[in-house]
Number of protein chains: 2
Amino acid sequence: MIANAHAGPLLRKLETIVTLTQGERDAIAGLPFMAREIKAGQDLVREHDRPSQCCLILEGHTFRYKLLADGKRQILSFHIAGDIPDLQSLHLRIMDHGLATLGAARVAFIPHEILRPFLHAHPRISDAFWRDTLIDAAIFREWVVNVGRRSAYSRLAHLLCENFVRMRAVGLAGPGSFEWPVTQEQLADATGLSAVHVNRTLTELRDHGLIDLARHKMVVKDWQGLQDAAGFEHTYLHLQTPPEENGTMAS
Amino acid sequence: MIANAHAGPLLRKLETIVTLTQGERDAIAGLPFMAREIKAGQDLVREHDRPSQCCLILEGHTFRYKLLADGKRQILSFHIAGDIPDLQSLHLRIMDHGLATLGAARVAFIPHEILRPFLHAHPRISDAFWRDTLIDAAIFREWVVNVGRRSAYSRLAHLLCENFVRMRAVGLAGPGSFEWPVTQEQLADATGLSAVHVNRTLTELRDHGLIDLARHKMVVKDWQGLQDAAGFEHTYLHLQTPPEENGTMAS
DNA sequence: CGTTAACTTGATAGCATTCAACTAGCGTGG
DNA sequence: CCACGCTAGTTGAATGCTATCAAGTTAACG
C-alpha cells in the first residue's frame, strides 16, 4: 500500500507523543488530506470563526494569536509541520483565537465530519490526539510562567529553547540550528515585550555568545548557556524521547 | 437508585460543558469517589509527581502553580467545586506543575485505573472530559494574553471577571458576589504582579466603584464597568449557556 | 536600484518593583 | 480579657526594567 505522502509530518509528530502500531499508522495515512499552499502572513482561521475542518501543518510555520481592542497582539503558540493547531475546534465550536502563517506554508485540511467518526473508530489515536492537546495546554502553562515571572532576557531565551527542542523532536532542526522565519515584532508579541526591547535583548544574547538569530535562521551557539539563561527544563513538553542532555552541539 | 452525593459538583460542572443523558449521569454517579478533607494551603499534587489518581474538587478552592529556581511563583489557574484540575495526569505521566488548596477543601480521589476503562466505556463522557481540558487550555491562552498584554489594572479586573463568571456558571456565586479565600499575594502570583502593586490596584478598582474585595468575599459593584476595565469577553470560557448580559446585578 | 519592511540605536518617560515601615485582623494562651 | 505574635493588608519613597518616541541603517524583493 502506498502511504499517503501528506501523512508523514503528522505521523512523525504523533510518534513523539505515543507509540503507534502499523495498523494505526495505516489508518492515519488513509485519511483524505487536501493539501494547499498558503502565503506568508495569511490567516488560516480567525477568531470567532466556526470551523468545520482542522488544519494539519505539512510544511512551514504558523502561530496562534489574539488581538486586543486597543490593537495589541499576543501570540499564543508557534506551530510546525505535523501540528494540528486548531484540533480543539473539534470540540469547541467557536474559535477564541486566530491562526496564521509565519512564512509560506503547506497545509492540509481535514473535515470534522471525517475526523470525528475516525477518532471514535480508533480510541487509541483519539487518546493520542487528546494527549496532544494536553501537551498544548502544558506549553500554554509554561508561557504563562514565561510572560508572568521571567525577565525579558530569560523570557526570550526560554522561547528559543522551547522552539529548538520542539523542532529537534520532529527532526526539523540541525544539531545546533533551525530555520525560523520569525520577525522581532512577532517575538515581541509572543513574549509580551516591545519589538525594540526584543531587539536589544537579542543583541545581549548574541553578545553573550548564546545564540545567533538572523535571516530567518536561529543558531544555538551555547546550548547549556541558553538553557541556564532561560531556566529551561524540557519536562513540560512531555516528549516520548527526551532530548539528550548536551549532545546537540556534537557536530 | 440513590445518587452518589459526591457526584453532584461534577455533574453540575459537566452540564455547563455538555448535555448529559440520564444514563450518563447515573454512570458518573456510580464512580467510587473517596472523599477527603484538606486543610488550607496544602499541596494535593506536586510538580514532578507521577499521580495514579485524579482529584475532583467537591468543595472549596484550589489552584495550580509553578515555582521558579529563584523562588518566584506563578499561579496558573484557580479551580472550584466540580473541577478535576489534574485530569491531564490521565495522559501525561509527570506533573509539570503543583496543585494546592486555597482555603480548606473537600476533595475526592479517583484512581486512573478506574477512570481509564470508564472513559473508554463511555465515549461521550470521554469527549466531555476532553472538551473540559480544551476549555482549560482556552483559559490558559487568555491568561497568556492577560499577563502578556494587559495593564495591571485591566489584568486584575479580568481575573475577577473570569472567576465571577465561572463561579456563577456552576451556581457558586450570588447575584453580585462570591466567596473567594484568596490573598493579595496569590492574586499577585496569578497576574504576574507584585503583592504591593496588587494592593494598590485593588484600591483603585475599589475607589472606582467597580468591586469590593475583603475578608474572602468579592463583591461586584459594577459588573459592566468591571468588564469594560478588563476588556472581558466570555467567549473563551466556551460555556453551554452564556451569562446574561447584565442581569447579574438584579437583586 | 528603488521601495518597503525589518532591524538598530539613542534618549526619555512611565508603570511596576523593591525596600521599608506601619496597621489591622485574628487566633492563642497567659 | 487582654497581651502577644503572626499573617495579611496598607502606604510612602526610590529604583529600575521595559515602553515609547524618534532617527537612522540594513536587508529583502520586484
Side-chain angles (χ1 to χ4, degrees), chain A residues 39-42 61 68 70-75 100-104 146-159 179-207 211-218 229, chain B residues 39-42 61 63 68 70-75 100-104 146-159 179-207 211-219 229:
Chain A
K39 287 197 208 113
Q42 296 289 302
H61 297 255
L68 274 76
D70 59 3
K72 290 199 193 101
R73 178 175 70 169
Q74 176 69 47
I75 289 180
T101 55
L102 220 49
N146 209 31
V147 178
R149 283 297 184 220
R150 277 197 261 263
S151 69
Y153 187 77
S154 306
R155 212 184 288 187
L156 256 175
H158 197 281
L159 180 64
E179 299 295 321
W180 202 24
V182 74
T183 67
Q184 294 185 354
E185 193 182 352
Q186 288 157 344
L187 290 176
D189 286 340
T191 50
L193 299 167
S194 70
V196 172
H197 199 62
V198 163
N199 183 287
R200 289 190 228 276
T201 310
L202 280 177
T203 308
E204 246 187 296
L205 287 164
R206 210 178 288 125
D207 291 349
I211 61 150
D212 211 19
L213 178 53
R215 265 163 255 129
H216 296 171
K217 176 154 188 178
M218 161 82 191
Chain B
K39 286 196 208 116
Q42 296 289 303
H61 297 255
F63 64 96
L68 275 75
D70 60 2
K72 290 200 192 98
R73 178 175 70 168
Q74 175 69 46
I75 289 181
T101 54
L102 220 50
N146 211 32
V147 277
R149 284 297 184 220
R150 276 196 261 263
S151 69
Y153 187 77
S154 305
R155 211 183 289 188
L156 256 175
H158 197 280
L159 180 64
E179 300 295 321
W180 202 24
V182 74
T183 67
Q184 295 185 351
E185 194 183 351
Q186 288 157 344
L187 289 176
D189 286 341
T191 49
L193 298 167
S194 70
V196 171
H197 202 243
V198 164
N199 182 288
R200 289 189 229 276
T201 310
L202 280 177
T203 308
E204 246 186 296
L205 287 165
R206 210 178 289 127
D207 291 349
I211 61 150
D212 212 18
L213 177 53
R215 263 164 257 126
H216 296 172
K217 175 153 190 180
M218 161 83 191
V219 180

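Each chain gets a letter, A, B and so on, in the order the sequences are listed, and its residues count up from 1.
A donor N or O paired with an acceptor N or O is not found under 3.5 Å between the base of D:dT18 and the side-chain atoms of B:Arg149. One N or O donor and one acceptor, one from the side chain of A:Arg200 and one from the base of D:dT20, sit under 3.5 Å apart.
Taking side-chain N and O atoms only, A:Asn199 has no distance below 4.0 Å to OP1 or OP2 of C:dC7. The phosphate of C:dA5 has neither OP1 nor OP2 within less than 4.0 Å of any side-chain N or O from A:Gln184.
Residue contacts for B:Gly192: at a heavy-atom cut-off of 4.0 Å it reaches the sugar-phosphate backbone alone, with no base atom in range. Using a 4.0 Å heavy-atom criterion, one finds that A:Leu193 contacts the sugar-phosphate atoms exclusively. A:Ser194 comes within 4.0 angstrom of a base, heavy atoms only.
As a whole-Å value, the separation of A:His197 NE2 from C:dT9 C1' is 14 Å. Rounded to whole Å, the distance from CZ on A:Arg206 to P on C:dC7 is 10 Å. Atom CG of B:Asp207 and atom C1' of D:dT10 are 13 Å apart (whole Å).
Comparing A:Lys72 and A:His216 by the nucleotide of DNA chain D that holds the closest heavy atom to each, the one mapping nearer the 5' end is A:Lys72.
A salt bridge is absent between B:Asp189 and B:Lys72; no separation between the charged side-chain nitrogens and carboxylate oxygens falls under 4.0 Å.
The side-chain contact (heavy atoms from CB on, under 4.5 Å) test with A:His61 is passed by exactly one of A:Thr101, A:Val182, A:Leu102: A:Leu102.
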